[in-house]
Amino acid sequence: LKAFKVLFRYRVDGRENLRAFKDCCGAVVVSNHTSFLDVVLMYVAARPGQFVRLMGRDSLFGNAHGLAGQILSRVGAFPIKRDSADRTAIKRAAHMLKGNQLVGILPEGTRRGKGSKTPEIHSGAAFIAKMGKAPILPMCVREAENVKRKGERMHFPKITVEYGKPLVVSDFDFLPKDERVEACTWYAMRECFALYYRCAPEDVDMAALFPETRDYAPVFAEHPIPRHTSEELARAARTARAEKAAKA
């Protein structure tokens with residue numbers, strides 16, 4: 001971890017928003033995705049105090065004759081089948097959250113700007129958070145995409161990891177049932193890009209970022225989502241645990 005920090009000179013802002021959940025409740029950490037380093041930074045930014053269990057597409061675990069899979073497994077990652085309802089992986093992630101663990105997910109699924117595929121948002125993050133009864137914590141990684149640009153030598157820009165404020169899935173219950181997890185994940189990603197661009201969430205042009213995904217901006221303009229702090233949610237989790245223990 002020290003060598004990685006010296007090499008990439010990364011810094012972490014808002015880490016108290018992550019630390020508040022330590023030993024009291026789980027959380028789904030979501031981020032933008034522009035580089036392979038995003039996954040590494042999601043892991044190292046939480047260390048040494050916390051441990052993020054990364055969820056990655058199953059194809060990654062079979063690359064390099066299993067070497068990539070071995071590395072991912074050693075840092076606590078686990079696979080999920082892409083473009084399918086992988087019930088085993090979803091239940092595993094929900095179980096981790098209920099055990100006060102952190103689960104890391106990149107809802108875009110693939111790196112932005114790489115290949116010809118149109119960016120999209122996979123709603124699994126909110127679904128897993130709902131099953132695990134855990135909040136969602138948006139984060140972003142800035143400048144990682146500039147470490148290795150196509151056709152250029154490697155660069156070592158100053159990378160920043162920043163954690164935002166948490167979201168509660170139940171705050172989206174005013175929406176029709178079949179739209180809740182999609183809208184919640186959309187909202188979480190807008191928070192990630194607001195951190196990335198250092199702007200207000202309302203100023204993020206999600207329609208341009210995800211042209212084939214429904215734009216929920218008008219919905220949330222009419223129905224603002226409550227703002228929470230990690231300390232508030234952690235305190236509520238401790239209170240609920242104490243009450244449960246008292247009844248036992």
Side-chain angles (χ1 to χ4, degrees), residues 1-57 60-61 63-64 67-80 89 92-108 111 125 128-129 132 134-148 154-167 188-189 191-192 195-196 229-231 233-234 237-238:
L1 297 182
K2 289 182 179 179
F4 191 87
K5 183 159 184 126
V6 170
L7 190 61
F8 292 104
R9 299 176 297 164
Y10 74 90
R11 81 163 195 247
V12 182
D13 294 337
R15 186 149 45 190
E16 66 277 4
N17 294 328
L18 180 74
R19 290 287 185 255
F21 296 125
K22 186 178 179 181
D23 300 327
C24 69
C25 72
V28 174
V29 183
V30 299
S31 176
N32 64 312
H33 194 19
T34 59
S35 164
F36 282 127
L37 286 175
D38 298 333
V39 177
V40 180
L41 287 158
M42 181 179 278
Y43 175 79
V44 300
R47 304 297 288 165
Q50 288 163 287
F51 184 64
V52 179
R53 300 296 302 272
L54 302 159
M55 177 179 277
R57 65 179 187 272
L60 292 174
F61 290 78
N63 288 341
L67 178 60
Q70 290 179 35
I71 295 172
L72 288 167
S73 297
R74 284 179 181 275
V75 299
F78 60 101
I80 183 170
R92 184 177 182 183
H95 180 73
M96 291 173 182
L97 293 171
K98 291 177 181 178
N100 299 335
Q101 296 186 60
L102 301 170
V103 173
I105 299 176
L106 302 169
E108 290 177 274
R111 291 170 296 158
I128 289 168
I136 298 174
L137 185 67
M139 66 167 274
C140 80
V141 179
R142 300 192 200 95
E143 296 297 328
E145 67 273 21
N146 293 321
V147 170
K148 184 65 177 75
M154 185 171 285
H155 299 269
F156 295 94
K158 291 183 179 180
I159 296 174
T160 302
V161 176
E162 184 172 358
Y163 295 99
K165 300 297 184 181
L167 311 175
M189 286 308 298
E191 294 286 309
C192 291
L195 293 170
Y196 182 78
T229 66
S230 296
E231 292 78 7
L233 300 184
R238 285 191 291 268

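All residue numbers in this chain count up from 1 along the given sequence.
To the nearest 0.5 angstrom, I105 atom CD1 is 4.0 Å from I128 atom CD1. Residue Y196 holds its OH atom at 6.5 Å from CD of E143, rounded to the nearest 0.5 Å. With rounding to the nearest 0.5 angstrom, the CG atom of L18 is 4.5 Å from the OH atom of Y163. Atom CZ of F21 is separated from atom CG of L102 by 8.5 Å, given to the nearest 0.5 angstrom. Taking SG of C140 as the start and CD of E162 as the end, the distance is 5.5 Å to the nearest 0.5 Å. Atom-to-atom distance recorded for D38:CG and R142:CZ is 12.5 Å, nearest 0.5 angstrom.
No side-chain donor-acceptor contact under 3.5 Å links R238 to the backbone of L233. In this structure, the side chain of N17 engages the main chain of G164 through a donor-acceptor pair within 3.5 Å. Put simply, the side chain of R11 never gets that close to the backbone of T160: no donor and acceptor are under 3.5 Å apart.
Every side chain to side chain contact (heavy atoms under 4.5 Å, CB included) that Q101 has, sequence neighbours left out, goes to R53, M96.
The two atoms that bring V52 and M42 nearest to each other are CG2-O, 3.7 Å, heavy atoms only. Among all heavy-atom pairs drawn from P135 and P166, the shortest one is CB-CB, 4.4 Å.
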Derivation of the side-chain contact (heavy atoms from CB on, under 4.5 Å) call for M189 and E108: CA-CA 9 Å; M189 286 308 298; E108 290 177 274; 3.9 Å; yes

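We find that E191 and K165 are not joined by a salt bridge, their nearest charged nitrogen and carboxylate oxygen being 4.0 Å or further apart.
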